[in-house]
Amino acid sequence: MEAVAEGLWGLADYHEKKGEIGKAVKCLEAICQSHASFLPIVEVKTRLRIATLLLRHSHNVNHAKSHLERSQLLLNSIPSCFDLKCRTYSLLSQCYHLVGAIPPQKQILYKALHLTSAAAPDVSVKLWCCNFNSQLANALIIEGDYQNSIATLESGYVSATQICYPELQMFFVASILHVRLLMQWDDQTAVEVERALHRCDQVWETIPSDRRTHCLGLLFYNELLHIFYRLRVADYKNAVKHVDKLDAAIKQDSNNMQQRHQLTLELNALNQSLSRSDLPSRERSALSARQARLQGQLTHVTTTSSTSVGNDALEPTYFGNARRALQDKLFLAPPPINGEWLPKSAVYALVDLMVTIFGRPKGNFKECDKRIKSGMHIIQEELVRLGITDGVREVDLQHSAIWMAGVYLMLLMQFLENKVAVELTRSEFLEAQEALVQMKNWFTRFPTILQACESIIEMLRGQYAHSVGCYNEAAFHYVEAAKITESKSMQIMCQAYAAVSYFCIGDAESSSQALDLIGPVYRMKDSFAGLREEASILFAYGLLLMKQQDLQEARNRLAKGLQIAHVQMGNLQLVSQYLTILGNLALVLHDTGQAREILRSSLTLAKKLGDIPTQIWVLSVLTGLFQQLGERGNEMENDEYRRKKFDELQKRLADSRSSIHHIELIDKVKIQVQQFHELDMKRIMAGQSVRVNLDIPESVGLSTPMPVLSSSKLVDLDTGRRGKRKL
């Protein structure tokens, strides 16, 4: 009977290579369903093959799970077969993960770790130990058990160290950093995060330089974690070098992929020529030599651009994306882990997003436009591959596609968020409307997956409303955003924005509301505020002090905020706004020399950014300065330019207010979404941290929904661009 089984295995291989997966599965199922008796080991191997095919090529997770559970029962009666048992445990764990059954997943992983602890401590045993610890840490993360997840990752690191495998060591220390940076940030000291960061740097240096070229997935993972740490502490200047490094790595990888594609085409054409039976021997010899050269070049390009993975290796099924080609994957670790953090396309889009985020505050809008377009194109292609087309809602998604859909949808929302911010800065209100309406529509179609975006959309509605002069509506949306979010940082930012909008309304009641918002936050800022939050608080508090006629103290607070915006954040728009209000203060305090110098610097920055409202504001203050100095010529020239810009702004405002989307966006009504009863399981699968406002998408060993990286955290304070003139 073994000969029959081997024949059917071979036939299944033949059909799989031809892409006929259904026929391959039927060949294998013939063994399992046969009335003839096969050895248990034969049935186990067959069921493992079936499960692997189903997980690689279909969404039929439950069918795969049934085969693996049967294999597990058969293996219980076999004392040996260590590798088969480990393969079964690993795949079964992944099936439980995909259907959201975390308790049985943990149970099977504890059983697997017990098996490895009783085995001889050779290399393959330690590798499987690393695999099981990685998956167990993932399960613990979903349950919110971060401390035990770190302890589990540390156990994996010990196993990797015992077999002197620096790439695996790097995988585990980077995963530990991921947990500390993105999930435990509020529950630990900054020193612990920095220690984890330095540990990553140390382990990365232990990987020989010739082997680092094979660790592209680890490179992206490590560098992006460094970037997110720098974003957390508002160290934008030191983050840029990591962004540049990633951008260069992507360009090199793209070039390698193009070269590989070209070589493959040439090799296929050459093989076609060599298949001719009438080819002269001399020509055949020359073509064979060229074939050998091309194969050598293709092998070199392939091995230097990605981790080599055997055909029989277990492919990761964490994300429902196993049907992509190997060259489209960024593996974090060698077999039998092969885990991805994110697909290569998502990482490419994420790097485009990082370039946008760091370029936007500096006014590099041309590059931002290019990156936003590039990133959104990548994402839209992937959404189509996941079956997300017009009219599809989250209730229509396959369970195994939910997590990956969430990754791309959250990335899409972040690109749209940055587009809104760019367009509002340039006073392109219609473009901002369009992007914001897109965000709103995506949210109503995928309210559970995009739950963390609700507060961001409300905040952006506030920014839009303020930009078009609807201060009352702006304050409403900011306050609503602060109520919705669980992020302390986001709450602080929205309260600061709302206070500025209330100041712009100008009456006594609104000023009192602004004081109620910003006063308590300012008094407590030293206990919880980071640099971004402090910059926004100082801005709003400076306006409050000006309103109270405490001009010198306002000057001191605003000067401190300016230093943060300029030295530590490098945010030109925020610097321009700080300079304008400080120039205004200098004029009120009769320091005309300093006022002239400050306002000219502010006007230069506002022109660079295309920020028309700030230009008008600066020009208005300059007109007052020239009046004080009796410079009639400068006053008339300046005021003429101000009127020109004012007319331009009024035309844009009129166009935006006549749009069908204007009322929809500023209306004092929260977004209404339809609740789907069918989503109960999907809500469970999403995990509790769907409500946590983090800064990056999650990882292979650490799977939680993609969090929000809000432009509000970059403290553009777009909302304070006008209205300050009224003070």
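This structure is a prediction, so every number in the text was calculated from the model and none was measured.
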Student: Any chance you could measure Gln262, atom CD, to Leu298, atom CG, to the nearest 0.5 Å?
Tutor: 11.5 Å
Student: Taking all non-hydrogen atoms of both residues into account, name the closest pair between Leu168 and Ala160 and its distance.
Tutor: CB-CB, 3.6 Å
Student: Look at Arg385 together with Glu382 and state whether they make a salt bridge at an N to O cut-off of under 4.0 Å.
Tutor: yes
Student: Between Gln72 and Thr88, is the side-chain hydrogen bond (donor to acceptor under 3.5 Å, both in side chains) condition met? List the steps.
Tutor: CA-CA 7 Å; Gln72 185 194 1; Thr88 302; over 6 Å; no
Student: Under 4.0 Å between a side-chain nitrogen and a carboxylate oxygen: does that hold for Lys344 and Asp253?
Tutor: yes
Student: At what distance, to the nearest 0.5 angstrom, does CG of Asp145 lie from NZ of Lys106?
Tutor: 7.0 Å
Student: With a 4.5 Å limit on heavy-atom distance, are the side chains of Tyr408 and Ser345 in contact?
Tutor: yes
Student: Out of Arg211, Arg212, His214, which residue meets the side chain to side chain donor-acceptor pair (under 3.5 Å) rule with Glu167?
Tutor: Arg211
Student: Tyr96 and Gln107: side-chain donor and acceptor closer than 3.5 Å?
Tutor: no
Student: Would you say the side chains of Gln135 and Ser93 form a donor-acceptor pair under 3.5 Å?
Tutor: yes
Student: Any chance the side chains of Asp352 and Ser374 put a donor and an acceptor closer than 3.5 Å?
Tutor: yes
Student: Is the closest side-chain heavy-atom distance between Leu574 and Pro361 below 4.5 Å?
Tutor: no
Student: Would you name the heavy atoms of Cys130 and Ser159 that are closest together and state the gap between them?
Tutor: SG-CB, 3.8 Å
Student: Do other residues, nucleotides or ligands put more than 12 heavy atoms under 6.0 Å from Lys370 NZ?
Tutor: no
Student: Find the distance between CD (Glu223) and NE2 (His242) and round it off to the nearest 0.5 Å.
Tutor: 5.5 Å
Student: Which pairs with one or both residues in residues 147-156 pass salt bridge (charged side-chain N to carboxylate O under 4.0 Å, His left out), sequence neighbours excluded?
Tutor: Glu154-Arg199
Student: Which word best sums up how the rings of His178 and Tyr221 line up, parallel for under 30°, tilted for 30 to 60°, or perpendicular for over 60°?
Tutor: tilted
Student: Provide the closest heavy-atom pair for Tyr578 versus Ala535 in the form atom of the first, atom of the second, distance.
Tutor: OH-O, 2.6 Å
Student: In Å, rounded to the nearest 0.5 Å, how long is the span from CG of Leu386 to CD1 of Ile379?
Tutor: 12.0 Å
Student: Over 60° means perpendicular and under 30° means parallel, so tell me whether Tyr348 and Phe220 are parallel, tilted or perpendicular.
Tutor: tilted
Student: Can you measure from CG (Leu181) to CD1 (Ile176) and round to the nearest 0.5 angstrom?
Tutor: 13.5 Å
Student: Please identify each residue that fulfils side-chain contact (heavy atoms from CB on, under 4.5 Å) with Gln568, with sequence neighbours left out.
Tutor: Leu531, Ile564
Student: Do we see a donor-acceptor contact under 3.5 Å between the side chains of Gln252 and Asn256?
Tutor: yes
Student: Under the criterion side-chain hydrogen bond (donor to acceptor under 3.5 Å, both in side chains), I'd like the reasoning laid out for Ser175 against Tyr157: C-alpha separation, chi angles, the key distance, then a yes or no.
Tutor: CA-CA 10 Å; Ser175 297; Tyr157 174 78; over 6 Å; no
Student: Check Met410 against Ile449 and note the closest heavy-atom contact, atom names and distance.
Tutor: SD-O, 4.1 Å
Student: How about Lys126 and Pro121: do any of their side-chain heavy atoms sit closer than 4.5 Å?
Tutor: yes
Student: Mind checking the CZ-CG spacing from Arg180 to Leu197? Nearest 0.5 Å is all I need.
Tutor: 12.5 Å
Student: If we only count heavy atoms from C-beta on, is the Val173 to Leu177 side-chain gap below 4.5 Å?
Tutor: no
Student: Can you find a side-chain donor-acceptor pair between Asn238 and His226 that sits under 3.5 Å?
Tutor: no
Student: Taking atom types as modelled, is there a side-chain donor on His377 or Glu381 under 3.5 Å from an acceptor on the other?
Tutor: yes
Student: Parallel, tilted or perpendicular: which one describes the rings of Tyr236 and Phe358, with boundaries at 30° and 60°?
Tutor: perpendicular
